[in-house]
Protein chains: 2
Amino acid sequence: MTHSEENYIKAIFHLASTGIEVISTNALAEKMETKPSSVTDMMRRLSEKGLVHYKKYQGVSLTTLGTKTALSIIRKHRLWEVFLVEKLGFTWDEVHEIAEQLEHIKSEKLIDKLDELLDFPKFDPHGDPIPGKNGEFMEHDNQLLSQLPIGSVALCVGVKDSSAVFLRFLDKNSIALGNKMKILEKEEFDNSLRILLDERELQISQQIASNLYVKKIEL
Amino acid sequence: MTHSEENYIKAIFHLASTGIEVISTNALAEKMETKPSSVTDMMRRLSEKGLVHYKKYQGVSLTTLGTKTALSIIRKHRLWEVFLVEKLGFTWDEVHEIAEQLEHIKSEKLIDKLDELLDFPKFDPHGDPIPGKNGEFMEHDNQLLSQLPIGSVALCVGVKDSSAVFLRFLDKNSIALGNKMKILEKEEFDNSLRILLDERELQISQQIASNLYVKKIEL
DNA sequence: ACAAATTTTTAGATTTGTCTAAATTTTTTA
DNA sequence: TAAAAAATTTAGACAAATCTAAAAATTTGT
């Protein structure tokens, strides 16, 4: 498989995991920042290789093989991200671009050994689950901070948007994975939240709250 | 730079460091396992980018920029090899192929941090020197085992041939970097050597002896 | 339901890196 | 030193991945 093919497979997987199960040519073109005609060409190629189900004008979806392939790439990506943060001291907003390159390195053994070096992590630095060696994959079953009722107490366990801009915003406001937060008040006007973050009181916009995954703590 | 361009630059550097300073199209084609016509095309491209000196029918050599580029790629290759052996437990005969992929990862910061993680190693697992961040490079000033006079005592510091076959042969005979060896006798017939390796007496063919770098110990 | 709008595909071109076969230049050698 | 041999380059083709522009299919709206 070429890098480009792997990137398409990954993109289809990510689109599919947002709910849509049949992905349109245009949606994929936008995700890949390319033209629809290029997508059509690539879908023909991936279809011939048995990685996607594709019928002209009918959209595309991953085959079993395609899904397995996608999970393997995502596993590599996320393990490398853990490595970059845990072993090399990168910050969580720096690792994505480098992992985009490292995920294409071909060596089963390399990934197994990396997994071992990192002590078999289950989540990447953004809180996203790392698929297992044999394709086991836990979806985020977490709620978004914006969905919690007032008074709830929860742990921050992941980010939905893992763009560098958002991550640096969180750093600036000392919001990190593992923080405990309590919803104090929800502003009716703009749905912003007043929360207690560890010891600190904080005002958080709806935008922010709907990009933070949390795990409710029962009291 | 593309992977392919980087591989050509590296190949030219390696050919140049065997003594030849102007490399022929055919020599490069053989090294790259490709056709001379492909080499000609690539030389035109690399020449336009200012990486090589190239005049039709006159052979090719690296520019200052080309040499700097080659050293940077070799630095990455060798640091990754150290990582694979030291941190992931690979054997020295397994690392070359994986490092061939990893050397193309683009991130200055990644390599600096890797260098630091590995505690700024000066040699790779085969005893080859690792170029410095700013292009400082020490050539092997070592002698080959085959060049030592009878009676000399030396440390094994590197391998000239780092093919997996040769490395596994060394493993099988418990010859490793750091071993102390004393030349006991040279067989006139086939130039094979009888050596004392640590405690053990060993017969070594000329082929083997001319692929082991040693550093003489003054007594 | 049928014309208009949108989406998708096809056709043809471009770039990179490769190939084969033919032409050209350089080197060898008789 | 001129013909033969070897090395190198050019020309033309191909595959991968992309693009633009045009054609075709599907969806939408009245």
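Note that these values count all heavy atoms, side chains included, but never hydrogens, waters or copies made by symmetry. All chains are named by letter (A, B, ...) in the order of the sequence lines, taking the proteins before the strands, and each is independently numbered beginning at 1.
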By nearest atom, which of the nucleotides [options] is closest to the [X] side chain?
X       : options                : result
A:Asn26 : C:dT8, C:dC19, D:dT18  : C:dT8
B:Tyr57 : C:dC19, C:dT26, C:dG17 : C:dT26
B:Thr2  : D:dA7, D:dT18, C:dG17  : C:dG17
B:Thr40 : C:dT10, D:dA16, D:dT9  : D:dT9
A:Arg44 : D:dT18, D:dT8, C:dT10  : C:dT10

Would you indicate, yes or no, if [N] has its OP1 or OP2 atom less than 4.0 angstrom from a side-chain nitrogen or oxygen of [X]?
X       : N      : result
A:Arg45 : D:dA16 : no
A:Ser38 : D:dC19 : yes
A:Tyr54 : C:dT8  : no

Hey, does A:Ser37 reach any base, or is it just sugar-phosphate, or nothing, if we go heavy atoms under 4.0 Å?
base
Over all strands shown, is A:Thr25 touching base, sugar-phosphate only, or nothing at heavy-atom distances under 4.0 angstrom?
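Counting heavy atoms under 4.0 Å across all strands, the contact made by A:Thr25 is with sugar-phosphate only.
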Could you tell me the separation between the [atom1] atom of [X] and the [atom2] atom of [N], rounded to a whole number of Å?
X       : N      : atom1 : atom2 : result
B:Met42 : D:dT10 : CE    : P     : 16 Å
B:Glu6  : C:dT16 : CD    : C1'   : 15 Å
B:Lys35 : D:dA11 : NZ    : P     : 21 Å
A:Met43 : D:dA16 : CE    : C1'   : 14 Å
A:Lys55 : C:dT8  : NZ    : P     : 17 Å
A:Gln58 : C:dT9  : CD    : P     : 9 Å
B:Glu30 : D:dA7  : CD    : P     : 10 Å
A:Asp41 : D:dC19 : CG    : P     : 10 Å

To the nearest 0.5 Å, tell me how far [X] [atom1] sits from [Y] [atom2].
X        : Y        : atom1 : atom2 : result
A:Ile98  : A:Glu81  : CD1   : CD    : 10.0 Å
B:Asn142 : B:Lys160 : CG    : NZ    : 12.5 Å
B:Met43  : B:Lys55  : CE    : NZ    : 15.5 Å
B:Met1   : B:Lys106 : CE    : NZ    : 8.0 Å

With DNA chain D as reference, determine whether B:Gly59 or A:Glu5 sits nearer its 5' end, using the nearest nucleotide of each.
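Per heavy-atom nearest nucleotide, the more 5' residue is B:Gly59.
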Map A:Tyr8 and A:Lys56 onto DNA chain D by nearest heavy atom, then report which one ends up closer to the 5' terminus.
A:Tyr8
Parallel, tilted or perpendicular: which fits the ring planes of A:Trp80 and A:Phe83, with parallel below 30° and perpendicular above 60°?
perpendicular
